[in-house]
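Single-structure report; data block below.
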There are 2 protein chains.
Amino acid sequence: MLRLSKLTDYAVVVLSRLEQDGAVVGGRVQTAPGLAISTGMAEPTVSKVLKILGQAGLVEGVRGARGGYRLARPLHAMPLAEVIVAFDGPIALTACVDGSVNACETEDHCPVRGRWDPVNDAIRHALSGITVADLSTPAGCAPMRAAASIMNLMAE
Amino acid sequence: MLRLSKLTDYAVVVLSRLEQDGAVVGGRVQTAPGLAISTGMAEPTVSKVLKILGQAGLVEGVRGARGGYRLARPLHAMPLAEVIVAFDGPIALTACVDGSVNACETEDHCPVRGRWDPVNDAIRHALSGITVADLSTPAGCAPMRAAASIMNLMAE
DNA sequence: TTAAACAGGACAGAAAAGGTACTATTTGCC
DNA sequence: GGCAAATAGTACCTTTTCTGTCCTGTTTAA
């Protein structure tokens, strides 16, 4: 139906892990290699996720030796929509969107112009109440080999 | 953010056009070539859209000479979600969601597993109130700079 | 000075989407 | 009965996008 990037899912995992590791606001930092190990994901992939999260202002990167990442905000103050936007970009309903403005000029038949906006708004509204904290499990959750599983799933 | 197939958009156009042409329940039928002309889309593409809509039970195909398509239901009784499902499949937020339950045997380790469900539900709920009729405009439709705007949004 | 770690960009392989073409089947009409 | 129109289904090729990885540069604690 609607597709999210896998990186978005990874991001939630990484963010959850950061919180579990105490890499929170004002806390100590966690390195990308460390997160790669604890999440079971490949290190370059974790790095990529963290870089994007950093650009989005969701995590704070500390450079240099003894550097790493920590959450820029508590997860419960981090709207899921921000994560999605960071990885998937703003709502993009393909279609009339595809260049060729001139091709569309001749078509005053198209009854759909701009009509997806209510849908987009509805989805944004639906997402507005959800934070990353709502997607991360409580403490009891053990480290995840899941990443490997996820990759297997991807393989299909 | 969230991506829909182009065909989904085409479908809304075609459905709207069918209604405009009076190809409604119990009405006359409209042919795929005819719809291609009136919508400005390529004929094979229109055919593809109509076939899928037919399989989804949203339009009724009449075979043979003088055949064509008509709406299986009024647009206001046609949830947009059904159209989306027909073209984009059920909600599939990354890996864990679609199929292959057994591949995720270590599911109790995955902090995210099943956690996207609330998101999916929220989106489904948001869409549940929207019908195709809500997306089809009355006759005098404005040209599309809106599409260009959307495109710019996407581009970033 | 060195090493650890982030930052940024670039790239090849893989997957999916988009569009098209071809064939088979059905059915109204002469 | 035959022809033509139109849907139904399938398969294919091209293009685009995604994914994951690598490389180089920059920063900074020890």
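To find a chain, count down the sequence lines: A is the first, B the second, and so on, and within it residues start at 1. Just so it is clear, the values below take in all heavy atoms, side chains as well, and ignore hydrogens, waters and symmetry mates. These figures come from a predicted structure and were not determined experimentally.
For the residue pair Leu75(A) and Leu71(A), the shortest heavy atom distance occurs at CD2-CD1, 3.9 Å.
Remark: P of dC18(D) and NZ of Lys6(A) are 11 Å apart, rounded to the nearest angstrom. Between Leu50(B) atom CG and dA5(D) atom P the separation is 19 Å, expressed in whole Å. Residue Arg70(A) contributes atom CZ, which lies 15 Å from atom P of dA5(C) at whole-angstrom precision. One interatomic measurement links the two molecules: CD of Gln30(B) to C1' of dA6(D), which rounds to 12 Å at whole-angstrom precision. When rounded to the nearest whole Å, the span between CG of Asp88(A) and C1' of dT19(D) equals 13 Å. The CD1 atom of Ile52(B) sits 12 Å away from the P atom of dT10(D) (whole-angstrom rounding). Regarding Tyr10(B), its OH atom lies at a distance of 8 Å from the C1' atom of dG18(C), rounded to whole Å. Look at CG on Leu7(A): it is 11 Å from P on dT21(D), rounded to the nearest Å.
Using a 4.0 Å heavy-atom distance criterion, Gly54(A) is classed as making no nucleic acid contact. Residue Gln55(B) is in sugar-phosphate contact alone, with no base atom involved, counting any heavy-atom pair closer than 4.0 Å across all strands shown.
Side chain of Thr8(A) to backbone of Leu4(A): no donor-acceptor contact under 3.5 angstrom is found. With hydrogens and angles ignored, the 3.5 Å screen pairs no side-chain donor or acceptor of Asp9(A) with any backbone N or O of Lys6(A).
The phosphate of dT7(D) has neither OP1 nor OP2 within less than 4.0 Å of any side-chain N or O from Thr31(B). A sub-4.0 Å separation between OP1 or OP2 of dT7(D) and a side-chain N or O of Ser47(B) is absent. Under 4.0 angstrom from either OP1 or OP2 of dG18(C) there lies at least one side-chain N or O belonging to Ser5(B).
In this structure, CG in Leu18(B) is found 6.5 Å from CG in Leu50(B), a value given to the nearest 0.5 Å.
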Derivation and outcome, salt bridge (charged side-chain N to carboxylate O under 4.0 Å, His left out), residues Asp121(B) and Arg124(B): CA-CA 5 Å; Asp121(B) 291 340; Arg124(B) 284 199 203 97; 2.8 Å; yes

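A side chain to side chain donor-acceptor pair (under 3.5 Å) check over residues 65-74 of chain B, counting only residues at least two apart or in different chains, returns the pairs Glu60(B)-Arg70(B), Arg73(B)-Glu82(B). Listed by first and then second residue, the salt bridge (Lys or Arg N to Asp or Glu O under 4.0 Å) pairs that reach into residues 40-51 of chain B come to none, sequence neighbours excluded.
For Ala77(A), the side chain to side chain contact (heavy atoms under 4.5 Å, CB included) test picks out Pro74(A), with sequence neighbours left out.
Residue Tyr69(A) is the one, among Tyr69(A) and Lys48(A), whose nearest nucleotide of DNA chain C lies closer to the 5' end (criterion: closest heavy atom).
Among the nucleotides dG8(C), dC6(C), dT7(D), the one closest to the side chain of Lys51(A) is dG8(C).
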Can you list, pair by pair, the side-chain donor-acceptor contacts under 3.5 Å of residues 22-31 of chain A, counting residues two or more places apart and other chains?
{"residue": "Arg28(A)", "atom": "NH2", "partner": "Asp21(A)", "partner atom": "O", "Å": "2.8"}
{"residue": "Gln30(A)", "atom": "NE2", "partner": "Asp21(A)", "partner atom": "OD2", "Å": "2.6"}
{"residue": "Thr31(A)", "atom": "OG1", "partner": "Gly34(A)", "partner atom": "N", "Å": "3.0"}

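Comparing the end axes of the helix from dT1(C)-dA30(D) to dC30(C)-dG1(D), each fitted to five base pairs by superposing C1' atoms of four pairs onto the next four, gives an inter-axis angle of 10° (nearest 10 degrees).
The stretch residues 57-66 of chain A comes close to DNA chain C through Gly61(A), Val62(A), Arg63(A), Gly64(A), Ala65(A), each having a heavy atom under 4.0 Å from the strand.
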